[in-house]
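As the structure is a computational prediction, the values presented were derived from the model and not from experiment. Counting starts at 1 for both ligands and their atoms, following the listed order.
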Amino acid sequence: MRVVYPDLKDKIVLVTGAMRGIGRAIAKELAAQGCHTVFNYRGDVEKAMQLKHELETIGGKATPLKFDVTNNADIKDAIDSFVKEFGPISGLVNNAGISKDQLILRTKEDDIDSVLDTNLKGAMLVTTALSRSFLKAENVSIVNIGSIVGLMGNPSQMAYAASKAGLIGMTKSVAKELASRNVRANIICPGFIETDMTDALDEKVKENYLSGIPLKRFGSCDEVSSLVCFLLSRNSSYITGEVIKIDGGLYI
Ligand code: NDP
């Protein structure tokens, strides 16, 4: 059942990595709340325009921006021209992420770099590019998408776990530094959520995860997007610097 947050109507929110998976579900939920949903894409402009159309059919306005979260110049250009045209962005969901699972013995330097650059540095670059805009906006809320693995560690996910653990430190620093400007920052740590990223996992690995989840099922993208909307809304106005697990009890 959808909870409607009236203050999200017309709020301008940027979601990174919204072309697929959890990010797409978040963008759709924001559209249903009547937000102006801004999302980045990297390649196919046609697919981005399809998503814009899909979101606007659901509700609100939608604007695609072309940038890769590892390219600072493109991030700045895209965000600056958007803000000039539409005004300050007051919500950010740093969702874009990749994993390159590999035993430590076989891990390549390039893989470490790309995971840290995308998951951790990318979130910092986008947050930094938006910081001026945040100071001009009201009720700003940043939601970073971490992972339960950033709290627990995981075999074969050394760089991924480190990137998500780093995101926790980043979130808390942003929360402390910008609280006086009424900017909140929180991080959610999903467990096993059904998306392309997890579809790629071996069946045995999936079974292994399932056996460790007290609720005995994987999570859905919609369950994650509901939590994100709550954190973007004023209903969570006294919550900042928080690390919130959404994992069916996996961490317990
Ligand atoms: P998907 O692989 O389904 O989607 C990832 C999205 O991120 C894609 O839209 C992709 O863009 C985008 N992206 C990747 N790299 C970049 C980049 N360099 N610049 C811009 N966009 C980029 O992932 P999920 O939906 O499963 O995961 C979303 C987030 O949730 C990630 O941060 C992930 O770590 C986290 N998470 C996921 C869990 C899960 O079980 N699924 C569990 C815990 C955390 P493109 O379409 O162009 O490839």
Considering the heavy atoms of I98, write down every atom of ligand 1 situated less than 4.0 Å from one of them.
-> 14 (C), 15 (N)
May I ask you to identify the nearest protein heavy atom to atom 40 (O) of ligand 1, giving residue, atom name and distance to one decimal place in Å?
-> I193 N, 2.8 Å
Contact atoms of ligand 1, heavy-atom distance to N40 under 4.0 Å | 20 (C), 21 (N)
Could you tell me whether a side-chain N or O of T16 sits under 3.5 Å from a main-chain N or O of A96, the two making a donor and an acceptor?
-> yes
Between R24 and ligand 1, which residue portion shows a heavy-atom distance shorter than 4.0 Å: side chain, backbone, both, or neither?
-> neither
Nearest neighbour in protein (non-hydrogen) for atom 11 (O) of ligand 1 | R42 NH2, 3.6 Å
Pick out which of I244, I142, V93 makes a side-chain contact (heavy atoms from CB on, under 4.5 Å) with L231.
-> I244
Any heavy atom of T118 sitting closer than 4.0 Å to ligand 1?
-> yes
Look at the rings of F230 and Y5 and say which category their plane angle falls in: under 30° parallel, 30 to 60° tilted, over 60° perpendicular.
-> tilted
Flag, side chain of K11 to backbone of N139, donor-acceptor distance under 3.5 Å | yes
Around atom 26 (O) of ligand 1, find the nearest protein heavy atom and jot down its residue, atom name and distance.
-> T195 OG1, 2.5 Å
At what distance is the nearest protein heavy atom to atom 43 (C) of ligand 1, and which residue and atom is it?
-> P190 O, 3.4 Å
Check: V69 N/O within less than 3.5 Å of ligand 1 N/O | yes
Provide, to 0.1 Å, the distance between atom 42 (C) of ligand 1 and the closest protein heavy atom, together with that atom's residue and name.
-> G191 O, 2.9 Å
Min over K47, R20, K121, E194 of heavy-atom distance to atom 1 (P) of ligand 1 lands on R20
Report, as yes or no, whether the 6.0 Å neighbourhood of atom NZ on K206 holds more than 12 heavy atoms from other residues, nucleotides or ligands.
-> yes
Nearest neighbour in protein (non-hydrogen) for atom 30 (O) of ligand 1 = I145 CG2, 3.3 Å
For F192, the atoms of ligand 1 under 4.0 Å from one of its heavy atoms are 40 (O)
Starting at CD1 of I168, measure out to CG of N186 and round the result to the nearest 0.5 Å.
-> 12.0 Å
Atom 12 (C) of ligand 1 [closest protein heavy-atom partner, distance rounded to 0.1 Å] | G17 CA, 3.6 Å
Criterion side chain to side chain donor-acceptor pair (under 3.5 Å) on E54 and Q50, from CA distance to verdict | CA-CA 6 Å; E54 190 181 337; Q50 272 168 19; over 6 Å; no
Provide the number and element of each atom of ligand 1 under 4.0 Å from a heavy atom of Y160.
-> 33 (C), 34 (O), 35 (C), 36 (N), 43 (C), 44 (C)
Taking the minimum heavy-atom distance to atom 29 (C) of ligand 1, which of L167, N95, I22 ranks first?
-> N95
Using non-hydrogen atoms of the residue, decide whether S99 is closer than 4.0 angstrom to ligand 1.
-> no
Does T70, backbone or side chain, put an N or O under 3.5 Å from an N or O of ligand 1?
-> no
Has the side chain of S133 got a donor or acceptor atom that lies under 3.5 Å from a matching backbone atom of I89?
-> yes
List every atom of ligand 1 that sits less than 4.0 Å from any heavy atom of M19, numbering the atoms from 1 in the order shown and giving each element.
-> 9 (O), 46 (O)
Specify the protein heavy atom at minimum distance from atom 44 (C) of ligand 1: its residue, its atom name, and the distance to 0.1 Å.
-> G146 O, 3.1 Å
Lys/Arg N to Asp/Glu carboxylate O, E242 vs R184, below 4.0 Å | no
Expected output: side-chain T240 to main-chain A185 donor-acceptor under 3.5 Å | yes
Check against side chain to side chain donor-acceptor pair (under 3.5 Å), D68 and T70 = CA-CA 5 Å; D68 187 300; T70 61; 2.6 Å; yes
Are the side chain of K66 and the backbone of R42 linked by a donor-acceptor contact shorter than 3.5 Å?
-> yes
